[in-house]
Number of protein chains: 2
Amino acid sequence: MDEIDRNITVALQLDGSAGLAELAKVAGLSVSATAERVKRLEERGVIRAWRADLDPVAAGCPLLVHILVTVAPGRDETAFRMAMRRQETVLECHAITGDWTYLLKVRLADLPALDAFLNDELRAQSGVQRVETLLAIATVKETSILPVAPATEE
Amino acid sequence: MDEIDRNITVALQLDGSAGLAELAKVAGLSVSATAERVKRLEERGVIRAWRADLDPVAAGCPLLVHILVTVAPGRDETAFRMAMRRQETVLECHAITGDWTYLLKVRLADLPALDAFLNDELRAQSGVQRVETLLAIATVKETSILPVAPATEE
DNA sequence: GCTGAAATTGGTTCGTG
DNA sequence: CACGAACCAATTTCAGC
């Protein structure tokens, strides 16, 4: 993971359809050497997948909510976690520090869908004590582009 | 945006490197018809970009924090929003309902980097009154794959 | 490990039903 | 609007440095 790999990963996050010729220029290498680098980044698991980045509104899920959840202590949370993983509308689920147990990121079509999710999916889970819904009024920024740290050894 | 487009967008989110031959099978169309569909989805802005999906740990930003921020009312928040957009570590910034003004999603290398971000970038912004940091202990789920709504007209 | 050219597997573009 | 074949540009492979 040298400086060249860093440049490649940054470029491929911005535009993965650019092609090796374009990529070779930013890497400062030949086309074949660049292809080799990309293949190694895939093998090492740095690049996990190639994805189409969709517009949430066009995809039919314009509503974005973050939900703070408190789960009763001492309970086995495996069932809760499995249920969150299974739900397609749940984009993220993190166990967090502080007063709350989990923070969810959920994308939905409309408010009735939110109502249904809160009642049928979330509050239906055993152990769920407290729920607070934070509705996104405006999204200032939303990206999946990670800040690749410079100069990480092997 | 019919059922075929839905299948295509779902498949391309899961694996954008599959190729048109593979994609044509899940779409139930010929290769050229599938290519036409994909091109139209790009033109209509449903597909915004093609990206390499990186592993956050391998990319050197294993620390994930969500930060709730209260900004003094009546202030012009343009400067704050611009600053958040400029920061590469800030993956998301949403204006939200409830007691807080903004919710941030931030990825960092380590705790010193978090300390630096809170002091130099966030609290340094004029108007910032209250900050609460929610550190992710464990990530149960984190995906960028959107739940594409079925049967959305035009 | 990188280079550059040959070989091959794609995607793209046409005419046709 | 979808199909199939020919075209063309891409990636992949390989010998040499």
Side-chain angles (χ1 to χ4, degrees), chain A residues 1-55 57-60 144-154, chain B residues 1-55 57-61 144-146 148-154:
Chain A
M1 200 61 177
D2 59 3
E3 191 64 22
I4 295 172
D5 283 333
R6 203 189 84 89
N7 290 335
I8 289 173
T9 50
V10 169
L12 288 178
Q13 282 190 106
L14 292 168
D15 184 9
S17 67
L20 289 173
E22 190 84 8
L23 195 62
K25 282 192 281 186
V26 309
L29 292 173
S30 69
V31 173
S32 53
T34 307
E36 178 70 19
R37 291 271 188 155
V38 173
K39 205 175 78 177
R40 277 187 61 97
L41 285 165
E42 288 177 317
E43 285 167 357
R44 291 183 57 196
V46 179
I47 297 173
R48 290 190 294 199
W50 300 93
R51 301 220 149 90
D53 178 41
L54 302 192
D55 175 35
V57 177
S144 59
I145 299 167
L146 301 177
V148 185
T152 309
E153 294 299 315
E154 176 47 6
Chain B
M1 200 61 177
D2 58 3
E3 191 63 22
I4 296 173
D5 283 333
R6 202 189 85 90
N7 291 335
I8 289 173
T9 50
V10 169
L12 289 178
Q13 283 189 104
L14 292 169
D15 184 8
S17 68
L20 289 172
E22 190 84 8
L23 194 62
K25 282 192 282 185
V26 309
L29 293 172
S30 69
V31 174
S32 53
T34 308
E36 178 69 22
R37 292 273 189 153
V38 174
K39 206 175 77 177
R40 279 185 60 100
L41 286 166
E42 288 178 315
E43 285 167 356
R44 292 182 56 196
V46 179
I47 297 174
R48 289 191 296 200
W50 301 91
R51 300 221 150 89
D53 177 42
L54 302 192
D55 174 35
V57 177
C61 46
S144 59
I145 299 168
L146 301 177
V148 185
T152 308
E153 293 299 314
E154 175 44 9

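In what follows, chains carry the letters A, B, and so on, assigned in the order in which the sequence lines appear, proteins first and then strands, with residues in each chain numbered from 1. Computed from a predicted structure; not experimentally measured.
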Separation of I4(A) atom CD1 from dG1(C) atom P, in whole Å?
12 Å
In whole angstrom, give the distance that lies between atom CG of L20(B) and atom P of dA5(D).
17 Å
Taking atom C1' of dT11(D) as reference, at what distance in whole Å does atom CG of L23(A) sit?
13 Å
Hey, does the side-chain of S32(B) have a donor or acceptor N/O within less than 3.5 Å of a partner on the base of dG4(D)?
yes
How many Å lie between CG on L12(B) and C1' on dG11(C), as a whole number?
14 Å
Nearest-nucleotide pick for V31(B), side chain only, options being dT12(D), dA2(D), dT12(C):
dT12(C)
Send over the distance from E43(A) CD to dT12(D) P, rounded to a whole Å.
12 Å
State whether K39(B) and E42(B) are salt-bridged, where the test is any N-O pair (Lys NZ or Arg NE/NH1/NH2 against Asp/Glu carboxylate O) under 4.0 Å.
no
Looking at dT11(D), dC2(C), dC3(D), which one has an atom nearest to any side-chain atom of A33(B)?
dC3(D)
Rounded to whole Å, the CD-P distance (E36(B) to dA2(D)) equals 8 Å
Stepwise salt bridge (Lys or Arg N to Asp or Glu O under 4.0 Å) test for R37(B) and D2(B):
CA-CA 11 Å; R37(B) 292 273 189 153; D2(B) 58 3; 2.9 Å; yes
Verify the contact: side-chain N or O of R37(B) to OP1 or OP2 of dA2(D), cut-off strictly under 4.0 Å; return yes or no.
yes
Without decimals, in angstroms, what is the distance between E22(B) CD and dT9(C) P?
16 Å
For atom CZ of R40(A) and atom P of dT12(D), their distance in whole Å:
16 Å
I'd like to know if R40(A) pairs up with E43(A) as an ion pair, taking the criterion as any Lys NZ or Arg NE/NH1/NH2 lying under 4.0 Å from an Asp or Glu carboxylate oxygen.
no
Let's see if you can work this out: which of dT11(D), dT3(C), dA2(D) has an atom nearest to the side-chain heavy atoms of S30(B)?
dA2(D)
Nearest non-hydrogen partners of V31(A) and A21(A), listed with the distance
CG2-CA, 4.3 Å
